[in-house]
Amino acid sequence: MPQYLLGICQPDGGTPDPEVLADIAARLEAVTEEMKAKGVWVFSGGLHPAAAAKVVRASGDGVLCTDGPFAEGKEHLGGFTVVTAPGAEAATEWARRISEITTLPVELRQFH
């Protein structure tokens with residue numbers, strides 16, 4: 001069965017108040033538990049801000065390492081969930097639910 005990445009597109013800048021984040025986290029946990037119960041959840045993870053990223057490139061015999069995200073932008077991947085689903089429609093429904101909870105766009109991509 002295909003696997004899909006549900007990537008949460010998070011805007012750069014401040015974070016919501018702790019009370020708001022607590023509600024979002026609780027609602028996301030409930031959806032994650034539902035995914036687990038239905039056998040579609042593979043794994044999830046949150047990421048540190050894009051400013052904490054490092055870009056590593058092979059350069060001749062060495063390695064070039066630069067601070068910050070690879071691409072400049074106003075939003076970056078803030079977290080993700082990987083699900084197993086019979087098709088894009090089923091995966092889209094999980095992405096919709098995550099987007100509804102977080103109020104953020106969720107990018108849906110199928111693994112090769």
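Hydrogens, waters and symmetry mates play no part in the numbers below; they use all other heavy atoms, side chains included.
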Visitor: Under the side-chain contact (heavy atoms from CB on, under 4.5 Å) criterion, do Leu108 and Leu5 qualify, and how do the steps go?
Guide: CA-CA 6 Å; Leu108 174 67; Leu5 173 74; over 6 Å; no
Visitor: I'd like to check the side-chain contact (heavy atoms from CB on, under 4.5 Å) partners of Pro16; sequence neighbours left out, ordered by chain and number.
Guide: Val20, Leu21
Visitor: Identify, with sequence neighbours excluded, every residue that meets side-chain hydrogen bond (donor to acceptor under 3.5 Å, both in side chains) alongside Trp41.
Guide: Ser44
Visitor: Glu107: what forms a side-chain hydrogen bond (donor to acceptor under 3.5 Å, both in side chains) with it, not counting sequence neighbours?
Guide: none
Visitor: Taking side-chain contact (heavy atoms from CB on, under 4.5 Å) as the test, write out the residues that go with Val63, two or more places apart.
Guide: Val56
Visitor: Would the distance check show the side chain of His76 and the main-chain N or O of Ala71 forming a donor-acceptor pair, the cut-off being under 3.5 Å?
Guide: yes
Visitor: Quick one: list whatever passes side-chain contact (heavy atoms from CB on, under 4.5 Å) with Lys74, sequence neighbours left out.
Guide: none
Visitor: By side-chain hydrogen bond (donor to acceptor under 3.5 Å, both in side chains), which residues pair with Glu75, not counting sequence neighbours?
Guide: none
Visitor: State, to 0.1 Å, how close Val55 and Gly68 come at their nearest heavy-atom pair, and which atoms those are.
Guide: CG2-O, 3.4 Å
Visitor: Could you pull out the closest heavy-atom pair between Val83 and Leu6, with the gap in Å?
Guide: CG2-CD1, 3.5 Å
Visitor: Between Met1 and Pro86, what is the shortest heavy-atom contact and its length?
Guide: SD-N, 3.3 Å
Visitor: How far does CD1 of Ile8 sit from CG of Leu47, to the nearest 0.5 angstrom?
Guide: 9.5 Å
Visitor: Sorted by first residue and then second, give each ring-ring contact (aromatic ring centres under 6.0 Å, His included) pair with at least one member in residues 3-25; sequence neighbours left out.
Guide: none
Visitor: Not counting sequence neighbours, which residues clear ring pair (Phe, Tyr, Trp, His ring centres under 6.0 Å) with Phe43? List them please.
Guide: Phe80
Visitor: Answer yes when Lys36 and Glu33 have at least one side-chain N-carboxylate O distance shorter than 4.0 Å, and no when they do not.
Guide: yes
Visitor: Roughly how far, to the nearest 0.5 Å, is the CG atom of Leu28 from the CZ atom of Arg97?
Guide: 10.5 Å
Visitor: Measuring from atom CD of Gln10 to atom CG of Leu77, what distance do you get when rounded to the nearest 0.5 angstrom?
Guide: 9.0 Å
Visitor: Quick one: side-chain contact (heavy atoms from CB on, under 4.5 Å) partners of Arg27, sequence neighbours excluded?
Guide: Asp23, Ile101
Visitor: I need the full list of ring-ring contact (aromatic ring centres under 6.0 Å, His included) pairs touching residues 86-109, with sequence neighbours left out, sorted by first then second residue.
Guide: none
Visitor: Distance check, rounded to the nearest 0.5 Å: Thr15 atom OG1 versus Ile24 atom CD1?
Guide: 10.0 Å
Visitor: Check Leu104 against Pro11 and note the closest heavy-atom contact, atom names and distance.
Guide: CD2-CD, 3.6 Å
Visitor: Do Arg57 and Phe70 touch side chain to side chain, with heavy atoms closer than 4.5 Å?
Guide: yes
Visitor: Is Arg96 atom CZ crowded by more than 12 heavy atoms from other residues, nucleotides or ligands, each under 6.0 Å away?
Guide: yes
Visitor: Do Thr81 and Ile98 come close enough that some side-chain heavy atom pair is under 4.5 Å?
Guide: yes
Visitor: Minimum heavy-atom separation for Ala85 and Ala91, please, with both atom names.
Guide: CB-N, 3.9 Å
Visitor: So, using salt bridge (charged side-chain N to carboxylate O under 4.0 Å, His left out) as the criterion, who are the partners of Asp17 when residues are at least two apart?
Guide: none
Visitor: Kindly write out the residues that satisfy side-chain hydrogen bond (donor to acceptor under 3.5 Å, both in side chains) with Glu29, not counting sequence neighbours, or none if the list is empty.
Guide: none
